[in-house]
A.B. asks: 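Sharing a structure, written as C-alpha cells. Questions coming.
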Amino acid sequence: MRIISANGVVHHMREEGDPAGRPIVFANSLGTDLRLWDNVLPLLPVGMRVIRFDMRGHGLSDVPAGPYQMGDLVDDSEALLDALDVRGALFVGLSIGGMIGMGLAARRPDIVGALVLSNTAAAMGTADMWQARIDAVKTNGLESIADSVMQRWFSPAFGRTPELTAWRNMMVRTAPEGYTGCCAAIAHADMTAQVASLTQPVLGIAGEMDGASPPDLVEDTIRRIKHARFATIPAVGHLPHAEAPQAFAHLITDFIEETTHV
C-alpha cells in the first residue's frame, strides 16, 4: 500500500515493475478501484514502470464532499503524476478514466506521451440520465442500481459466471459520495475540444456488447483524433479486459511497441 497526497486529496496508489522503465499509468472506471487491472497486468511486457491509483471517492483514496467536476479529477491525476516525476507515460484510461486521460493529455503532453482510451467517449450520457442515477443512489443506495449496471458492464455469458459477484461487490462497496460525485463529473463533462487538440498517438478500444459506451460512441470520439486507431473486442462489454484479458493485453502490447520511441 502506498499513499500520496495530491491536489489536497489522499490517494491510494500502487507502483510495480521496473522503476527505471517506461511509465504506464492505469486509471479506473466509475465504481471500481485499482484492482480493475489485476488480470491484464501479468500479460503486458516486462520492464515497464506500472502505476495505478484509486481516483477520488473510490477504493482506499479520500472521499471529498461532492459533487466533483472533471477538472478536479484531471487536477488529481496531474498532481499525482507530478509527485511521482512521471514523464512520457502511456496513459490507459477506461470509461471515466479515459475522460481523465483526455483532459490530462491535452493539458500536459509532457506527462502523457501516448494514450489508450478504452470504453469511453468525449461525452457520455445526458445530464438528466446521470442525475436520475445520483438520485437513485442517494435515496436507495448503490445496491438499488447494481444489477442494471452489471448488465451494461458485461456480456450475458460473463454475467452467468461466478466472477460477476466480485465485480458487483466492488461496485456496491464504493463510497456513495464518491460514486455520485464522479457521476456529476461525467454528467457535465464534454471533452470534445480536448480530444480535437490531441497530438499524441492514441489507441481506442471498444467492447462489442458494451451497454455503457457502445462501440459507435467510442469510435466517434477516436475518429476525431489525428493520430489514432480503433479496435473492437468481440463478445465483451464495458470492461473488456475482465472478459478477454488476452485480447486486451495483445492490443496494449502492440501499441506499446508502436510507441516505444514516442
A.B. asks: Enter the distance from Leu73:CG to Ile96:CD1 here, rounded to the nearest 0.5 Å.
C.D. replies: 5.0 Å

A.B. asks: Between Ile51 and Leu80, does a side-chain contact (heavy atoms from CB on, under 4.5 Å) hold up when you go through it step by step?
C.D. replies: CA-CA 10 Å; Ile51 297 166; Leu80 176 65; 5.6 Å; no

A.B. asks: Can you list everything that forms a side-chain hydrogen bond (donor to acceptor under 3.5 Å, both in side chains) with Glu143? Sequence neighbours excluded, please.
C.D. replies: Arg168

A.B. asks: Determine, stepwise, if the pair Glu163 / Asn39 fulfils side-chain contact (heavy atoms from CB on, under 4.5 Å).
C.D. replies: CA-CA 12 Å; Glu163 285 82 0; Asn39 289 346; over 6 Å; no

A.B. asks: With a 4.5 Å cut-off on side-chain heavy-atom distances among I, L, V, M, F, W and Y, is there a chain of contacts connecting Leu203 to Val50?
C.D. replies: yes

A.B. asks: Please report the shortest heavy-atom distance between Val86 and Pro23, naming the atom on each side.
C.D. replies: CG1-CB, 3.9 Å

A.B. asks: Main chain of Met129, side chain of Thr126: is a donor-acceptor contact present, judged purely on distance under 3.5 Å?
C.D. replies: yes

A.B. asks: Which residues satisfy the side-chain contact (heavy atoms from CB on, under 4.5 Å) test with Arg35, sequence neighbours excluded?
C.D. replies: Asp33, Asp38, Met170

A.B. asks: Supply the atom-to-atom distance Asp72 CG to Ile100 CD1, rounded to the nearest 0.5 angstrom.
C.D. replies: 10.5 Å

A.B. asks: Please give me the minimum heavy-atom distance between Ala206 and Pro215, naming the atom from each residue.
C.D. replies: CB-CA, 3.8 Å

A.B. asks: Check whether Gln200 reaches the backbone of Ala105 with its side chain - one donor and one acceptor, N or O, closer than 3.5 Å.
C.D. replies: yes

A.B. asks: Side chains of Leu44 and Thr253: closer than 4.5 Å at any heavy-atom pair?
C.D. replies: yes

A.B. asks: Ala231: which residues meet the side-chain contact (heavy atoms from CB on, under 4.5 Å) condition with it, sequence neighbours left out?
C.D. replies: Leu251

A.B. asks: Keeping the roles fixed (side chain from Asn119, backbone from Ser95), state whether a donor-acceptor pair exists under 3.5 Å.
C.D. replies: no

A.B. asks: Applying salt bridge (charged side-chain N to carboxylate O under 4.0 Å, His left out) to Asp216 and Arg223, what does each step give before you reach the verdict?
C.D. replies: CA-CA 10 Å; Asp216 58 347; Arg223 296 307 181 202; over 6 Å; no

A.B. asks: Using the ring-ring contact (aromatic ring centres under 6.0 Å, His included) criterion, which residues pair with His241? Sequence neighbours excluded.
C.D. replies: Trp37, Phe248

A.B. asks: Please tabulate, one pair per line, all N/O donor-acceptor pairs under 3.5 Å involving side-chain atoms of residues 181-191, not counting sequence neighbours.
C.D. replies:
residue, atom, partner, partner atom, Å
Asp190, OD1, Thr192, N, 3.0
Asp190, OD1, Thr192, OG1, 2.5

A.B. asks: Measure across Thr232 and Gly207 and return the closest heavy-atom pair with its distance rounded to 0.1 Å.
C.D. replies: CG2-C, 4.3 Å

A.B. asks: To the nearest 0.5 Å, how far apart are CE in Met124 and CE in Met99?
C.D. replies: 6.5 Å

A.B. asks: For Arg52 and Phe26, indicate whether the former's side chain and the latter's backbone hold a donor-acceptor pair under 3.5 Å.
C.D. replies: no

A.B. asks: State yes or no: do Val236 and Phe230 share one hydrophobic cluster built from I, L, V, M, F, W and Y residues joined by side-chain heavy-atom distances below 4.5 Å, directly or via other members?
C.D. replies: yes

A.B. asks: Are the side chain of Glu208 and the backbone N or O of Ala235 linked by a donor-acceptor pair below 3.5 Å?
C.D. replies: yes

A.B. asks: Hydrogens and angles aside, do Asp147 and Gln151 bring a side-chain donor and acceptor to less than 3.5 Å of each other?
C.D. replies: no

A.B. asks: If every non-hydrogen atom of Ile233 is compared with every non-hydrogen atom of Ala244, which pair is closest and at what distance?
C.D. replies: CG2-CB, 4.1 Å

A.B. asks: Test of understanding: with ring-ring contact (aromatic ring centres under 6.0 Å, His included), list the residues that count as partners of Tyr68, not counting sequence neighbours.
C.D. replies: none

A.B. asks: Could you tell me which residues satisfy side-chain contact (heavy atoms from CB on, under 4.5 Å) with Ile145, sequence neighbours excluded, listed by chain and number?
C.D. replies: Arg133, Ala136, Val137, Leu142, Ser148, Val149, Met171, Tyr179

A.B. asks: Apart from Ile3 itself, what residues make up its hydrophobic cluster, given side-chain heavy atom links below 4.5 Å?
C.D. replies: Met1, Val10, Leu60

A.B. asks: Once you round to the nearest 0.5 Å, how far does OG1 of Thr120 lie from CD1 of Ile205?
C.D. replies: 12.0 Å

A.B. asks: Ser61 side chain to His12 main-chain N or O, any donor-acceptor pair under 3.5 Å?
C.D. replies: yes

A.B. asks: Kindly determine whether Phe53 and Val25 satisfy side-chain contact (heavy atoms from CB on, under 4.5 Å), including the steps that lead there.
C.D. replies: CA-CA 8 Å; Phe53 63 97; Val25 179; 4.0 Å; yes

A.B. asks: Does Arg87 come within less than 4.0 Å of Asp82, counting only side-chain N to carboxylate O?
C.D. replies: yes

A.B. asks: Check side-chain contact (heavy atoms from CB on, under 4.5 Å) between Val9 and all other residues, then give those that pass, not counting sequence neighbours.
C.D. replies: His11, Arg56, Asp62, Pro64, Asp76

A.B. asks: Indicate if Met209 and Met150 have the same hydrophobic cluster label, given that clusters are the connected sets of ILVMFWY residues with side-chain heavy-atom separations under 4.5 angstrom.
C.D. replies: no

A.B. asks: How long is the straight-line distance from CG of Leu36 back to CH2 of Trp167, given to the nearest 0.5 Å?
C.D. replies: 5.0 Å

A.B. asks: Looking at Arg107 and Glu78, would you say the former's side chain and the latter's main chain have a donor-acceptor pair under 3.5 Å?
C.D. replies: no

A.B. asks: Excluding sequence neighbours, so at least two apart, what forms side-chain hydrogen bond (donor to acceptor under 3.5 Å, both in side chains) with Glu15?
C.D. replies: Arg2, Arg49

A.B. asks: Write down the atom of Gly17, the atom of Pro19, and the distance for their closest heavy-atom approach.
C.D. replies: O-CD, 3.4 Å

A.B. asks: Of all heavy-atom pairs between Arg22 and Thr259, which one has the smallest distance, and what is that distance?
C.D. replies: NH2-OG1, 2.9 Å

A.B. asks: Under the ring-ring contact (aromatic ring centres under 6.0 Å, His included) test, which residues partner Trp130, sequence neighbours left out?
C.D. replies: none

A.B. asks: Is there a donor-acceptor pair under 3.5 Å between the side chain of Glu243 and the backbone N or O of Gly237?
C.D. replies: yes

A.B. asks: Between Phe255 and Leu90, does a side-chain contact (heavy atoms from CB on, under 4.5 Å) hold up when you go through it step by step?
C.D. replies: CA-CA 9 Å; Phe255 190 62; Leu90 169 57; 3.6 Å; yes

A.B. asks: Do Phe91 and Ile4 sit in the same hydrophobic cluster, where Ile, Leu, Val, Met, Phe, Trp and Tyr count as joined when their side-chain heavy atoms come under 4.5 Å apart?
C.D. replies: yes

A.B. asks: Report yes or no: do Leu34 and Leu43 belong to one cluster of Ile/Leu/Val/Met/Phe/Trp/Tyr joined by side chain heavy-atom distances under 4.5 Å?
C.D. replies: no

A.B. asks: Any chance you could measure Ser197, atom OG, to Lys226, atom NZ, to the nearest 0.5 Å?
C.D. replies: 9.0 Å

A.B. asks: Linking directly or through intermediates, with side-chain heavy atoms under 4.5 Å: list the remaining ILVMFWY members grouped with Ile134, chain and number order.
C.D. replies: none

A.B. asks: Main chain of Ala121, side chain of Thr221: is a donor-acceptor contact present, judged purely on distance under 3.5 Å?
C.D. replies: no

A.B. asks: Determine whether more than 12 heavy atoms belonging to other residues, nucleotides or ligands lie under 6.0 Å from atom CZ of Arg152.
C.D. replies: yes

